[in-house]
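Residue indices begin at 1 and follow the sequence shown. Whatever order the structure lists ligands and atoms in, that order sets their numbers, starting from 1. Remember, it's a predicted structure, so these values are computed and weren't measured experimentally.
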Amino acid sequence: MNQSSSITNPLREGINARGAPEPCVLVIFGATGDLTKRKLVPALYNLAHEGQLPASFAIVGFARSERDEAAFRAELCDWVKKKSRFSPVNDSVLDAMASRIFFQQGRYDDPQAYQALASRLNQIDKDLGTAWHRLFYIATPPSEFPVISEQLGANGLVTRPQPGSTEPPLQRVIVEKPFGHSLETARELNAVLTRVFDERQILRIDHYLGKETVQNIMVLRFANEIFEPLWNAKYVDHVQITVAESLGVEGRGGYYEGAGAMRDMLQNHMMQLLALVAMEPPTSLEPEGIRDEKVKVLRAIRPIASDRACGCSLRGQYARGSMMGQEVPGYLDEKGVARDSLTETYVALKLHIDNWRWAGVPFYLRTGKRLPKQTAEIAIQFKAPPAVLFAAQSNRRAATTLQPNVLVLRIQPDEGISIRMNAKVPGTALNIQPVKMDFDYGGTFGARSPDAYERLLFDAINGDSTLFIRGDETEHAWSIVDAVLQGWKNDPQGAPAYPYESGTWGPPEADEFIRRDGREWRRT
Ligand SMILES: NC(=O)c1ccc[n+]([C@@H]2O[C@H](COP(=O)([O-])OP(=O)(O)OC[C@H]3O[C@@H](n4cnc5c(N)ncnc54)[C@H](OP(=O)(O)O)[C@@H]3O)[C@@H](O)[C@H]2O)c1
């Protein structure tokens, strides 16, 4: 460790306009796992590459597996080379980062392991001047979240801020999704975490919030005068939020059986998208102001009585089919899946937000696996203009092609925004055709957008909790999702898991689900 403290640190070079962040040690629990290798450490390298890490920064990996520290560093460096958005990597930046990567072996429930961790952290504090600034990242399966939190508290690794203190907390904890499995377990998890940490110290991560387009929702809405006056029930017909995956469960059938699309996608990512698109303007960009507005929206979602759940939701399950010319098995044939499983790999849900702005505007959410492509978007469909003017023309085609305007926020891939509008086709006849105005991030701003984890880790290191989820947000989102899951459980006949062929846009019944409201799913 002394050796590392004496290194001239190239991480400081090119520190950006946002200023030098505080010294900090990041402790990752579950550091031998997939998330650490593929996402976290490459994202940290990218920050280092751009000079956005603190000059004094170290990473301590904690896991049960035995690892030689040098081998652990080498393995992580290999992953950085594979996954960094900078290619080739800058060797001096990577070497400097690697020299400050440490490994602590131990069981997650063993107090002695935490005492050893504390000694190591104290030593790093002495060597690097990190002064108790610690970020604990719990990147293990959720079963370990409570015990790690408790052990951190019991072994004196966490200082709670004084009540009413406005000082930034010295330690914070980042918790990965899933935040519970139901409303009840989410409450339990929140209770466990808040026994040790103050809510201000808890950063619940949802990587969707780190995506550029998601952050751009607020800018689009509140930094442009033209959209906000139209952003309400007077002009908006409905909103569609789609998260489509082309992958199946990819060998993780055992995990997925206990989750399903509702828990895996809808409760977290999609409810966050809904909250951002529907919230009122916050009074400031302070984290609490924004999160308060999101909570108000989630609270305004019309409660779903379990006996009405089947009417406002639909579940489906992929059957065998063909993806990119390759035969793929159905969900029920996947390893770890019960032959009579009702777990949904597709869900469609209709929600209403009972407030002044959104009264009467349905929000349709749909997500599924093995759909034709990987895509996520929010589509705001405006009401159709009165057709009287063009319908009055003798040209009947003009009337039939008059389509409502749609504003689409593309979250992935090809992040961007487009607007569908009607235009006259050149020529002597009055033919009207929908056209698209398109803005795409890559084309306009050139550089590849930072990975979501990069942005979120930067904010966590800098103590900015805006893009993290507050405990009450998770609970409100769960209360909606729980009611639907309960309704399905109470009435499995009323909520069959409709099969759909892999590579199609979900079960035919899902088309009927929206068609009975006189609407269509967008073909994204
Ligand atoms: N991977 C992703 O891209 C991704 C994306 C979003 C969210 N997440 C979330 O991030 C967390 C970590 O994900 P991950 O993919 O890195 O998980 P993982 O590879 O399955 O597990 C991470 C590490 O946790 C440790 N561990 C502790 N208890 C365990 C147990 N009962 N079973 C298995 N491993 C256990 C293992 O290390 P030792 O045995 O060495 O202690 C393992 O290497 C999860 O909560 C996941 O839901 C992951």
Side-chain angles (χ1 to χ4, degrees), residues 26-44 59-69 71-72 75-76 79 82-83 101-110 112-114 116-117 135-152 173-181 185-186 189 192-193 202-211 214 243 245 247 249-270 272 336 367 369 374 376 411-412 451-457 460 467-469 474:
L26 173 70
V27 181
I28 306 177
F29 293 93
T32 51
D34 186 68
L35 184 72
T36 307
K37 292 186 282 213
R38 286 176 192 276
K39 295 282 180 190
L40 303 184
V41 176
L44 289 164
I59 302 169
V60 179
F62 185 111
R64 298 173 301 189
S65 314
E66 292 285 356
R67 285 282 192 286
D68 168 76
E69 200 158 77
F72 181 65
E75 187 188 357
L76 293 181
W79 279 101
K82 272 190 252 176
K83 293 283 173 187
I101 295 180
F102 307 99
F103 186 75
Q104 179 68 48
Q105 190 273 333
R107 283 203 337 258
Y108 299 103
D109 61 351
D110 178 7
Q112 282 182 1
Y114 289 81
L117 176 65
L135 194 52
F136 299 109
Y137 198 125
I138 310 189
T140 62
S143 54
E144 311 301 317
F145 296 176
V147 70
I148 294 171
S149 169
E150 275 158 11
Q151 289 294 337
L152 284 171
V173 65
I174 304 182
V175 190
E176 264 295 343
K177 69 156 204 169
F179 315 117
H181 189 73
T185 51
L189 178 59
V192 167
L193 292 171
I202 305 171
L203 303 172
R204 295 172 193 79
I205 205 163
D206 180 336
H207 67 270
Y208 259 55
L209 296 185
K211 290 178 186 286
V214 173
V243 177
E245 294 182 286
L247 294 176
V249 292
E250 309 304 301
R252 296 175 74 222
Y255 155 78
Y256 201 79
E257 274 288 87
M262 276 292 251
R263 293 186 173 95
D264 201 43
M265 279 287 174
L266 202 138
Q267 186 277 336
N268 36 60
H269 309 320
M270 298 181 78
Q272 284 294 318
T367 179
K369 287 192 174 291
Q374 194 85 11
I411 291 153
Q412 67 180 25
D451 179 74
Y453 275 98
E454 214 172 305
R455 170 65 199 258
L456 294 171
L457 281 165
L467 299 179
F468 296 88
I469 303 174
T474 59

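Between Phe62 and Tyr108, the ring center distance clears the sub-6.0 Å criterion.
Contacts of Phe62 with ligand 1, taken as heavy-atom pairs under 4.0 Å, are absent altogether. The proximity of Arg64 to ligand 1, defined as any non-hydrogen pair under 4.0 Å, involves the side chain as well as the backbone. Counting heavy atoms under 4.0 Å from ligand 1, residue Tyr137 does not touch it at all. Contacts between Phe29 and ligand 1, counted as non-hydrogen atom pairs separated by less than 4.0 Å, are absent for every part of the residue.
Closer than 4.0 Å to atom 34 (N) of ligand 1 lies at least one heavy atom of the protein.
Looking at Lys39 next to ligand 1, no N or O pair under 3.5 Å apart turns up. Annotation: Lys177 places an N or O atom under 3.5 Å from an N or O atom of ligand 1; distance criterion only. In terms of polar-atom proximity, defined here as any N/O pair under 3.5 Å, Gly30 makes no such contact with ligand 1. An N or O contact shorter than 3.5 Å links Thr32 to ligand 1 by distance.
Proximity of Ile205 to Tyr453: side-chain heavy atoms (C-beta onward) are separated by under 4.5 Å at one or more points. Within the 4.5 Å cutoff, no side-chain heavy atoms of Phe136 are placed close to those of Ile148.
When only non-hydrogen protein atoms are considered, atom 25 (C) of ligand 1 lies nearest to Tyr108 OH, 3.5 Å. The protein heavy-atom contact nearest to atom 6 (C) of ligand 1 is Tyr453 OH, 3.6 Å. Of the protein's non-hydrogen atoms, Ala139 O, 3.1 Å is the one closest to atom 12 (C) of ligand 1. Protein heavy atom in closest approach to atom 19 (O) of ligand 1: Asp34 N, 3.1 Å. Here the protein heavy atom with the shortest distance to atom 10 (O) of ligand 1 is Glu176 CG, 3.3 Å. Protein heavy atom in closest approach to atom 31 (N) of ligand 1: Glu144 OE2, 3.7 Å. In terms of protein heavy atoms, atom 32 (N) of ligand 1 is closest to Pro141 CG, 3.7 Å. Nearest protein heavy-atom contact of atom 44 (C) of ligand 1 is Thr140 O, 3.3 Å.
Using a non-hydrogen distance threshold of 4.0 Å, Arg38 does not register as a contact of ligand 1.
Every pair passing salt bridge (Lys or Arg N to Asp or Glu O under 4.0 Å) that includes a residue from residues 251-269 is listed here, sequence neighbours excluded: Lys177-Asp264.
A donor-acceptor contact shorter than 3.5 Å links the side chain of Tyr256 to the backbone of Ala261. Not a single donor-acceptor pair under 3.5 Å links the side chain of His207 to the backbone N or O of Leu456. Looking at Thr140, its side chain never comes within 3.5 Å of a backbone N or O of Gly30 through a donor-acceptor pair.
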Discussion item. What verdict does the side-chain contact (heavy atoms from CB on, under 4.5 Å) test give for Thr36 and Tyr137, after you've listed the backbone C-alpha separation in whole Å, the side-chain angles of each residue and the deciding distance to 0.1 Å?
Written reply: CA-CA 10 Å; Thr36 307; Tyr137 198 125; over 6 Å; no
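Residues passing the salt bridge (Lys or Arg N to Asp or Glu O under 4.0 Å) test with Lys83: none are found, sequence neighbours excluded.
Rounded to the nearest 0.5 angstrom, Leu209 CG and Arg455 CZ are separated by 10.5 Å. Atoms CG and NZ, on Asp34 and Lys39 in that order, are 9.5 Å from each other to the nearest 0.5 Å.
When all heavy atoms are compared, the tightest approach of Leu35 to Glu176 is CD2-OE2, 3.3 Å. Closest approach of Leu44 and Leu26 over heavy atoms only: CD1-CD2, 3.5 Å.
Relative to atom 40 (O) of ligand 1, the option among Pro178, Ala259, Ser65, Ala31 with the closest non-hydrogen atom is Ser65. When the heavy-atom distances from atom 4 (C) of ligand 1 to Ile205, Val175, Leu35, Ile28 are ranked, the shortest goes to Leu35.
In summary, the atoms of ligand 1 found under 4.0 Å from a heavy atom of Phe145, numbered by their order in the structure, are 45 (O).
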